[in-house]
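Have a look at the structure below, then the notes.
Chain letters run A, B, ... following the sequence lines, proteins first and then strands; every chain starts at 1.
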There are 2 protein chains.
Amino acid sequence: MGHSQAEKTQTHDRIVRIAAERFRKAGLEGVGVADLMKSAGLTVGGFYKHFGSREDLVIEALQEAMRQSRERTKTLMAQGKHGPFAALVRAYLSPEHRDCPETGCPAGALSGDAARGGPREQELFAAYIDKAIEGVSGMIATPAPGKARAHAVAAYSTLVGALILARAVGPGALSDELLKTASDHLIAAFGPTSPD
Amino acid sequence: MGHSQAEKTQTHDRIVRIAAERFRKAGLEGVGVADLMKSAGLTVGGFYKHFGSREDLVIEALQEAMRQSRERTKTLMAQGKHGPFAALVRAYLSPEHRDCPETGCPAGALSGDAARGGPREQELFAAYIDKAIEGVSGMIATPAPGKARAHAVAAYSTLVGALILARAVGPGALSDELLKTASDHLIAAFGPTSPD
DNA sequence: CAATCAGGATTATGATCATAATCTAAATAT
DNA sequence: ATATTTAGATTATGATCATAATCCTGATTG
């Protein structure tokens with residue numbers, strides 16, 4: 001079998017990418033090492049040739065998920081037809097995003113787990129969420145100068161909260177209402193043509 | 001040892017109360033049956049004299065946590081010095097609530113788990129969250145009639161989102177900022193003296 | 001080309017888990 | 001008072017888990 005350095009890097013990245021999906025779908029404790037390796041087409045044995053511990057993979061997978069999420073947001077902003085904020089809100093609170101946590105925002109999928117996680121996970125989330133708030137602050141309508149950050153904190157909290165709640169209540173009218181109502185409210189309150 | 005019917009009920013309730021705390025602290029998958037029984041001063045063996053399965057205990061514990069949370073909110077509203085909405089927001093986004101998930105709001109502590117849970121958990125959360133939104137809708141300043149529910153959805157999403165994020169980022173300035181900023185924003189936007 | 005190294009498979013290891021069978025003594029029922 | 005039921009303890013059971021030791025095979029290094 002191939003054991004070249006290039007192939008090892010590929011394998012490593014493949015495990016991390018798969019873990020980044022599986023963890024978002026099943027939670028940080030919801031999927032085991034053997035299962036992950038099988039999903040990557042490998043067996044358990046090789047795992048510790050790539051990672052010092054399961055915890056190390058969790059960290060790498062979180063970094064990968066966050067990298068993907070920032071990338072996705074950047075792409076979305078680049079093609080923005082409507083205002084960038086409205087486009088972000090519509091995508092974030094779309095039924096598609098709600099129904100596909102495995103490729104979505106790690107804050108929406110794993111914040112609850114991070115709250116019970118170790119300092120390494122929490123530091124990653126702190127950096128990710130701070131950057132996300134800064135990003136939002138750059139796209140909302142800011143009437144009072146110096147208020148952009150505060151508005152962004154509120155808007156981002158609403159985004160993540162509505163998404164998590166929409167997932168928690170299971171499929172149904174309430175879930176759809178949460179997405180649509182929070183979406184409309186955010187665009188009305190912070191969109192380009194907002195009052196205040 | 002006592003095995004009277006009254007004592008069995010007491011024991012049952014004690015297990016459920018302890019589970020309601022432990023699950024909020026460690027997550028729905030974060031604590032085992034044996035550990036829970038030991039916390040209740042018992043051993044594993046008796047567990048299935050009280051519950052058909054671990055899942056059944058999860059359901060009862062969630063119901064208990066939700067009952068406690070509604071009770072607590074009712075008490076808080078009764079003694080409300082400030083407006084009821086401001087009092088709720090300040091308590092919900094207080095550092096004390098952030099640091100004590102085991103006695104706090106089940107939506108804040110377990111929504112992430114519920115998103116990956118079964119239909120029974122999700123139905124409980126749907127009923128709980130719907131009722132919570134209705135409660136909020138009754139205490140916010142409602143300028144436009146027919147807008148109360150929508151505003152309550154947004155406000156509740158912001159509450160839960162800010163709390164979850166404040167826990168996920170770990171202790172530090174960002175966590176405090178999330179609580180304080182979301183708190184101020186909610187009171188400014190939906191409090192008794194709100195604009196719109 | 002020979003010797004070494006290392007990626008990945010196979011197979012332990014020991015812990016932890018939910019669930020269950022058996023046993024006990026106390027509470028209820030007859 | 002005797003018989004029956006049952007709450008809870010003790011002790012299996014079998015699955016699943018993270019981690020590790022061993023081995024094989026192909027890549028790397030000299």
dA20(C), OP1 or OP2 - any side-chain N/O from Tyr48(B) closer than 4.0 Å?
no
May I have the distance from [X] (atom [atom1]) to [N] (atom [atom2]), rounded to whole angstrom?
X: Met37(A); N: dT11(C); atom1: CE; atom2: P; value: 16 Å
X: Leu36(B); N: dG8(D); atom1: CG; atom2: P; value: 15 Å
X: Glu29(B); N: dC17(D); atom1: CD; atom2: P; value: 12 Å
X: Leu28(B); N: dC17(C); atom1: CG; atom2: P; value: 16 Å
X: Lys38(B); N: dT10(D); atom1: NZ; atom2: P; value: 12 Å
X: Glu7(B); N: dA25(C); atom1: CD; atom2: P; value: 17 Å
X: Asp35(B); N: dT16(C); atom1: CG; atom2: P; value: 11 Å
X: Gln5(B); N: dG8(D); atom1: CD; atom2: P; value: 12 Å

Could you work out, with side-chain contact (heavy atoms from CB on, under 4.5 Å) as the rule, every residue matching [X], not counting sequence neighbours?
X: Lys49(A); value: none
X: Thr11(A); value: Arg14(A), Ile15(A), Leu42(A), His50(A)
X: Ala155(B); value: Phe85(B), Val136(B), Leu186(B), Phe190(B)

Sorted by chain and number, sequence neighbours left out, salt bridge (charged side-chain N to carboxylate O under 4.0 Å, His left out) with Lys180(B) holds for Asp184(B)
Set of residues satisfying salt bridge (charged side-chain N to carboxylate O under 4.0 Å, His left out) with respect to Glu134(A), sequence neighbours excluded:
Arg149(A)
Contact list please: [range] against DNA chain C, heavy atoms, distance less than 4.0 Å, in numerical order.
range: residues 40-47 of chain B; answer: Val44(B), Gly45(B)
range: residues 51-61 of chain A; answer: none
range: residues 8-19 of chain B; answer: none

Return each pair, listed once, that meets salt bridge (Lys or Arg N to Asp or Glu O under 4.0 Å) where at least one residue sits in residues 28-46 of chain B; pairs must be two or more places apart or across chains.
Arg22(B)-Asp35(B)
Run the ring pair (Phe, Tyr, Trp, His ring centres under 6.0 Å) test against Tyr92(A) and tell me which residues pass, sequence neighbours left out.
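If we apply the ring pair (Phe, Tyr, Trp, His ring centres under 6.0 Å) test to Tyr92(A), skipping adjacent residues, the hits are His97(A).
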Qualifying residues under ring pair (Phe, Tyr, Trp, His ring centres under 6.0 Å), relative to Phe51(B), sequence neighbours excluded:
His12(B), Phe47(B)
In plain terms, say whether Lys74(A) and Glu71(A) are close enough for a salt bridge, that is, a side-chain N and a carboxylate O under 4.0 Å apart.
no
Is there a donor in the side chain of Arg90(B) and an acceptor in the side chain of Ser183(B), or the other way round, less than 3.5 Å apart?
yes
Relative to the 5' end of DNA chain C, which residue comes earlier, Gly30(B) or Ala6(B), by the nucleotide with the nearest heavy atom?
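In this pair, the answer is Gly30(B).
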Pairwise 5' ranking along DNA chain D for Lys49(A) and Val33(A), keeping only the more 5' one:
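Final value for this comparison: Val33(A).
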If you look only at pairs with a residue in residues 107-121 of chain A, which of them pass as a side-chain hydrogen bond (donor to acceptor under 3.5 Å, both in side chains), with sequence neighbours excluded?
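Passing the test, one end in residues 107-121 of chain A: Asp56(A)-Arg120(A), Asp113(A)-Arg116(B), Arg116(A)-Asp113(B).
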